[in-house]
There are 2 protein chains.
Amino acid sequence: MTPSNVMNIKNLKQACKACSLGDLCLPLGVPLEDLELLEGIISRKRPVHRGDLLYQAGDPLGCLYAVRCGSVKTFVLTDDGEEQITGFHLPGELLGLDAIGDGVHPCTALSLETSSVCEIPFDGLEALAGRTPGLQHQLLRIMSRELQSDEQLMTLLGKRASDARLAAFLLNLSDRFGRRGFSRHEFNLTMSRNDIGNYLGLAVETVSRMFSRFQSQDLITVRRKLITLHDIEGLRRVAGLHGQQAQCTAACEQRPEVSAGG
Amino acid sequence: MTPSNVMNIKNLKQACKACSLGDLCLPLGVPLEDLELLEGIISRKRPVHRGDLLYQAGDPLGCLYAVRCGSVKTFVLTDDGEEQITGFHLPGELLGLDAIGDGVHPCTALSLETSSVCEIPFDGLEALAGRTPGLQHQLLRIMSRELQSDEQLMTLLGKRASDARLAAFLLNLSDRFGRRGFSRHEFNLTMSRNDIGNYLGLAVETVSRMFSRFQSQDLITVRRKLITLHDIEGLRRVAGLHGQQAQCTAACEQRPEVSAGG
DNA sequence: CGTTATTTTGATATGTGTCAAAGCGTGTGG
DNA sequence: CCACACGCTTTGACACATATCAAAATAACG
């Protein structure tokens with residue numbers, strides 16, 4: 001009705017092919033000619049704002065959502081009414097896959113900041129996947145990876161102490177930000193301390209205390225929402241991820257601290 | 001080489017169509033004519049015994065495995081070498097889906113008793129799913145449901161006390177046994193107390209104490225591996241699953257104990 | 001039938017939740 | 001632009017649930 005609508009239609013054309021995070025999202029491995037078919041069913045919504053819901057628990061599954069920019073949290077409501085956060089989602093990640101089983105969203109998705117998401121009608125995606133082996137494969141891969149990361153989270157929640165949980169959480173975010181071209185050493189937490197505690201199965205106070213402790217150990221600097229990682233290897237040690245990446249010789253036992261400008 | 005091989009070949013023909021748990025497994029929703037194609041790629045192995053491995057962490061993904069009878073546990077090895085159990089799997093359940101992402105099994109699958117499993121080459125399954133919409137849909141559904149159940153487990157591990165965890169675990173098993181035609185009230189635990197504790201993020205001793213407590217509260221009877229549930233509604237209350245099924249009025253506050261023959 | 005593994009029970013230690021309150025940033029209205 | 005109020009975060013004190021340590025009881029296995 002207004003000129004702005006025309007703009008929106010134009011924006012729609014600016015889909016997967018031009019999207020900077022293509023290879024983190026569904027299009028990875030999908031041949032160019034099929035990509036256009038995928039673009040055909042995806043629509044890009046207006047930006048959503050902090051606190052906006054993408055979908056709510058109980059909603060019928062209409063679309064999956066891909067985060068384009070910003071961040072989103074998903075949570076289920078336990079039977080006594082409190083929320084359990086099931087994930088924080090960064091650009092390139094697909095939301096709503098847990099709704100395919102019953103055709104109903106089991107959790108709610110809420111935007112943590114001003115974000116942009118792509119809407120992908122599931123019916124269309126499924127039909128297209130049947131005709132496009134690369135897309136089917138990528139869809140299965142994405143779901144499989146989510147199963148894998150859930151398994152890691154279970155280990156964290158089931159076996160690890162509070163410091164290991166928070167350290168693993170920070171390292172996980174660092175890694176995911178890094179893959180998206182952001183700094184691995186410095187990033188903003190878009191979720192509250194409360195959310196972090198909820199996700200990690202810890203009280204808010206414990207999260208806060210651990211942040212303070214890590215800071216006093218020169219592992220990180222905390223300045224409100226801004227986190228700076230100074231000693232990633234040290235964090236790995238706290239997280240219980242011994243020498244996963246670099247060769248772990250004597251170096252694991254040394255390294256007292258790395259001073260950095262305060 | 002021996003006559004017994006001939007028997008095995010005959011057994012192979014006795015595939016999905018004749019399988020008693022067809023509608024719990026992959027074939028659900030797959031039309032009859034496509035079912036034969038599915039049967040074509042599935043092979044049924046000899047029984048596996050207690051302690052046998054179906055696959056190990058690090059193995060390349062060759063096949064998915066469907067439990068036909070018996071039970072299997074899957075676990076990842078944490079970086080400091082201890083195992084974290086990620087699931088117990090009953091007949092009709094599909095194992096190895098978490099390997100699709102990287103083409104490598106992230107966890108190990110070990111049979112808890114004498115079991116029988118079907119081997120499903122993933123390549124073939126994927127190719128067939130591309131030609132069979134019903135099969136593709138069922139595969140996506142199975143993976144989605146697993147995501148959903150992981151979310152529930154996260155809530156359990158993150159928020160619930162030890163009694164709620166164990167109660168929820170028993171109810172979950174009861175429900176799954178029930179769906180498979182076994183008793184919902186009485187079943188054998190094929191896993192050790194250690195395994196249960198590992199899975200639920202509890203010490204063995206705590207699991208044992210909770211079993212004793214539930215028994216003294218007349219919620220269950222424990223006789224070694226054999227568990228009998230006497231008061232499912234009571235267990236639901238302990239698990240924090242308030243009035244999910246029946247209406248929960250004043251009864252929730254009353255009911256001091258229900259005596260039963262000891 | 002003896003040996004070993006598993007399970008149960010008890011005593012104690014400790015990490016983390018809970019309660020309480022202060023500090024700090026953010027946003028709002030005068 | 002400043003003052004106030006509100007929410008979020010941090011810090012402290014304490015209590016409690018559960019892990020840990022230790023040992024007995026019981027089942028499993030050769």
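So you know, we letter chains A, B, ... as the sequences are listed, proteins then strands, and number each from 1.
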- Item | From CA spacing to verdict: side chain to side chain contact (heavy atoms under 4.5 Å, CB included), B/Ile232, B/His185 | CA-CA 8 Å; B/Ile232 290 192; B/His185 298 278; 3.8 Å; yes

- Query: Are side-chain heavy atoms of A/Ile227 and A/Phe211 found at a separation under 4.5 Å?
  - Reply: yes

- Do the side-chain N or O atoms of A/Lys225 get closer than 4.0 angstrom to the phosphate oxygens (OP1, OP2) of D/dC8? no

- Query: With B/Thr78, which residues qualify under side chain to side chain donor-acceptor pair (under 3.5 Å), at least two apart?
  - Reply: B/Asp80

- Nearest-nucleotide check on DNA chain C, A/Val207 vs B/Val207; residue mapping nearer the 5' end is B/Val207

- With A/Thr190 via side chain to side chain donor-acceptor pair (under 3.5 Å) - residues at least two apart: A/Ser71

- Query: B/Leu219 and B/Leu229: side chain to side chain contact (heavy atoms under 4.5 Å, CB included), yes or no, with the steps?
  - Reply: CA-CA 6 Å; B/Leu219 293 169; B/Leu229 309 187; over 6 Å; no

- Item | Degree of bending, the helix from C/dC1-D/dG30 to C/dG30-D/dC1 (end axes from five pairs; round to 10°) | 50°

- What residues, two or more places apart in sequence or in another chain, satisfy side chain to side chain donor-acceptor pair (under 3.5 Å) together with B/Ser111? B/Ser115

- Query: Under a 4.0 Å heavy-atom cut-off, which of residues 81-88 of chain A touch DNA chain D?
  - Reply: none

- Item | Qualifying salt bridge (charged side-chain N to carboxylate O under 4.0 Å, His left out) pairs with a residue from residues 106-115 of chain A, counting only residues at least two apart or across chains | none

- Query: Is A/Arg193 reaching over with its side chain to a backbone N or O of A/Ser208, donor-acceptor style, under 3.5 angstrom?
  - Reply: no

- Hey, does the side chain of A/Glu93 reach the backbone of A/Leu90 with a donor-acceptor pair shorter than 3.5 angstrom? yes

- Is there a donor-acceptor contact under 3.5 Å from the side chain of B/Gln215 to the main chain of B/Val222? yes

- Query: Taking 5' to 3' order, which nucleotide of DNA chain C is first and which is last to have an atom within less than 4.0 Å of a heavy atom in chain A?
  - Reply: C/dT16 to C/dG25

- A/Arg180 side chain to A/Pro91 main-chain N or O, any donor-acceptor pair under 3.5 Å? yes

List, one per line, each side-chain donor-acceptor pair under 3.5 Å for residues 47-57 of chain A, sequence neighbours excluded.
unit_1: A/Asp52; atom_1: OD2; unit_2: A/His49; atom_2: N; d: 2.7
unit_1: A/Tyr55; atom_1: OH; unit_2: A/Gly96; atom_2: N; d: 3.3

- Tell me, which pairs form a salt bridge (charged side-chain N to carboxylate O under 4.0 Å, His left out) where one or both residues lie in residues 204-213 of chain B, sequence neighbours left out? B/Asp163-B/Arg213

- Query: For nucleotides 14-26 of chain D, read 5' to 3', which letter fits each nucleotide if B means a protein heavy atom sits under 4.0 Å from the base, S means only the sugar-phosphate is that close, and - means neither?
  - Reply: ----SSBB-----

- List in chain and number order the residues that pass side chain to side chain donor-acceptor pair (under 3.5 Å) with B/Glu83, two or more places apart in sequence or in another chain; answer none if no residue qualifies. B/Lys73

- Enumerate the residues from residues 186-199 of chain A whose closest heavy atom to DNA chain D is under 4.0 Å, giving them by residue number; use none for an empty result. A/Ser192, A/Arg193, A/Asn194

- To the nearest angstrom, the CZ-C1' distance between B/Phe211 and D/dA27 comes to 16 Å

- Should the heavy atoms of other residues, nucleotides or ligands under 6.0 Å from CZ of B/Phe182 be counted, would the total exceed 12? no

